[in-house]
2 protein chains.
Amino acid sequence: MAGRPRSEPARRPGSEPRSGGRQHQARGRGGTGRRTRRAGRTLPRRNREAQEKAIVEAAERVFAGAGFGGATMAEIAKAAGLPKPNLHYYFGSKQALYRAVLERTLREWLEPADCIVASAQPREALECYIRGKMRLSFTCPYASRVWANELLHGAPELRATLVRTLRPLVRRKAAVIDRWIAEGRMAKVDSKHLFFTIWAATQTYADFAVQICAVLGLDKFDRTVQERATEHVVGLILRGCGLAGTRPGRRK
Amino acid sequence: MAGRPRSEPARRPGSEPRSGGRQHQARGRGGTGRRTRRAGRTLPRRNREAQEKAIVEAAERVFAGAGFGGATMAEIAKAAGLPKPNLHYYFGSKQALYRAVLERTLREWLEPADCIVASAQPREALECYIRGKMRLSFTCPYASRVWANELLHGAPELRATLVRTLRPLVRRKAAVIDRWIAEGRMAKVDSKHLFFTIWAATQTYADFAVQICAVLGLDKFDRTVQERATEHVVGLILRGCGLAGTRPGRRK
DNA sequence: CCCACTTTTGACCATTTGGTCAATTACAGG
DNA sequence: CCTGTAATTGACCAAATGGTCAAAAGTGGG
């Protein structure tokens with residue numbers, strides 16, 4: 001099938017490396033997504049947005065499992081259930097796809113920080129933040145691992161983002177905490193390093209899950225362990241910040 | 001290019017991939033190192049042990065920077081200042097070399113835990129352990145990153161080691177902590193999860209150094225930041241374990 | 001000086017991999 | 001039904017990569 005080259009097929013595919021660079025214009029012009037809603041035949045006729053999402057999600061899993069260097073486009077394509085050229089059609093290159101995955105992750109990463117606002121109670125705010133982070137670790141471990149992997153290798157793709165986005169965010173949130181400290185509402189801790197510790201303590205459950213499972217003798221995290229871990233981290237850090245009290249003991 | 005000797009290329013002496021692995025008997029007999037002192041020409045004539053060490057160290061840096069999949073034998077060879085076939089001569093395969101790097105790391109990893117013994121004071125013991133871990137993070141970041149990378153990707157090479165070596169160690173050390181808790185000498189924390197938190201909080205300075213530097217606006221850690229970070233982590237966790245007191249405030 | 005053994009290397013391969021193409025199919029309008 | 005555009009896909013590359021060889025060098029003993 002397919003084939004049947006009409007009449008003047010063999011035009012010698014140029015042989016030159018074409019080298020090329022910016023072919024793949026990506027994104028058409030205006031209303032690309034027309035949402036056809038009329039299923040073609042085998043493929044549910046997904047629109048561009050849905051296809052891109054499917055690819056990014058597949059890529060997230062594969063990158064998380066093998067790192068940028070270890071992941072292959074073929075594997076990602078397979079995971080997404082699409083032929084390989086489609087990935088290039090939508091994202092142009094492996095690196096661009098990788099970047100798309102990272103961008104997606106950044107949003108989730110920053111979200112829980114919304115809890116930390118000056119008008120909140122220190123204990124409520126930090127507890128909310130930590131719980132949010134723990135929840136993410138358990139629900140989106142892949143995203144966390146891709147992010148961790150990128151940092152591990154020197155953040156070649158997002159060093160700029162760290163400085164332009166993460167740094168200002170931390171500065172703002174740290175200022176809130178510093179005020180609480182100045183008002184004597186919590187112990188004197190280094191507010192920025194507190195963030196590093198919270199990130200580390202919470203994401204370790206996503207990034208290093210195998211190690212934790214191995215030590216605990218589990219195959220995977222179950223509800224019980226997730227709750228136990230969460231209460232442990234929340235308790236330890238709140239106590240470390242001088243925010244114990246109120247809630248008597250371990251909840252569960 | 002590349003010739004195309006079509007005719008009778010390989011005599012296939014053993015056809016099979018050799019699979020096995022024990023070629024490369026490593027370790028010579030007794031006095032391998034004879035240190036010729038007469039430089040052959042460019043290479044100072046290093047003995048086997050020294051060569052292996054040089055290779056492992058180069059590999060550690062390269063694996064840390066690119067992960068297993070992203071690292072190339074050529075790059076490692078270049079970093080070690082040796083031709084590529086030498087790596088295979090000494091270690092047989094990329095995987096074997098990688099494993100050698102991991103084994104080396106495991107030793108460093110476990111060492112600081114010696115501080116935690118039943119006869120010690122809880123505060124002294126934990127403080128010693130945390131400081132030891134922090135020191136390692138700052139002095140041997142590459143090793144930590146290789147380890148982290150391996151865990152991140154599911155620990156394909158050392159899942160067994162985790163269960164056979166790390167798990168029993170944690171069980172023993174956790175038992176010590178549980179006793180201290182039972183004796184009312186420290187707060188009620190989950191002893192195993194306490195280890196996970198300590199590992200995370202300390203190694204984040206090695207694994208995610210770029211992120212921390214970006215947030216702090218630094219190029220690299222200087223003495224001051226290292227001390228500040230150490231005091232922060234020690235203080236936060238000890239307080240979280242109900243082991244504050246004695247030492248008044250932040251030392252520096 | 002010769003011999004047996006360990007190391008060192010340059011030259012090569014078979015495969016894998018990111019990426020490219022041209023041809024084909026699916027649609028939406030006219 | 002025809003046509004232009006978006007999307008899809010099988011077939012291909014050139015480059016990179018892990019690994020292999022066999023021919024050198026070194027080396028120490030007899």
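Just the heavy atoms: all of them, side chains too, but no hydrogens, waters or symmetry mates, feed the values below. Lettering of chains follows the sequences in order, A, B, ..., and the numbering in each one begins at 1.
Counting atom types as modelled, A:Lys94 pairs no side-chain N or O with a base atom of C:dG19 as donor and acceptor under 3.5 Å.
Evaluation of the side chain to side chain donor-acceptor pair (under 3.5 Å) rule for A:Gln95 yields A:Arg99, A:Glu157 as partners, not counting sequence neighbours. Take B:Phe221 and apply the ring pair (Phe, Tyr, Trp, His ring centres under 6.0 Å) test, not counting sequence neighbours, and it matches B:Phe138. Under the rule for a side chain to side chain contact (heavy atoms under 4.5 Å, CB included), the partners of B:Val170 that lie at least two apart in sequence or sit in another chain are A:Val215, B:Leu166, B:Lys192, B:Phe195, B:Trp199. Residues that satisfy the disulfide bond (SG atoms under 2.5 Å apart) test with A:Cys115, not counting sequence neighbours, are A:Cys128. The side chain to side chain contact (heavy atoms under 4.5 Å, CB included) check on B:Val56 picks up B:Phe91, B:Leu97, B:Ala100, B:Val101, B:Arg104, with sequence neighbours excluded.
For the OP1/OP2 pair of C:dG19 and a distance below 4.0 Å, the side-chain nitrogens and oxygens of A:Gln95 include no atom meeting the criterion. At the phosphate of C:dT8, OP1 or OP2 sits under 4.0 Å from a side-chain N or O atom of B:Tyr90.
Among D:dC21, C:dT8, D:dG19, the nucleotide with an atom closest to any side-chain atom of B:Asn86 is C:dT8. The side chain of A:Lys84 lies closest to C:dG19 when the candidates are C:dT8, D:dT9, C:dG19. When distances run from any side-chain atom of B:Pro83 to the nucleotides D:dG18, C:dT8, C:dT9, the shortest one goes to C:dT9.
Across residues 59-77 of chain A, not one residue has a non-hydrogen atom less than 4.0 Å from an atom of DNA chain D.
The 12-atom threshold is not exceeded at CD of A:Glu49, counting heavy atoms of other residues, nucleotides or ligands nearer than 6.0 Å.
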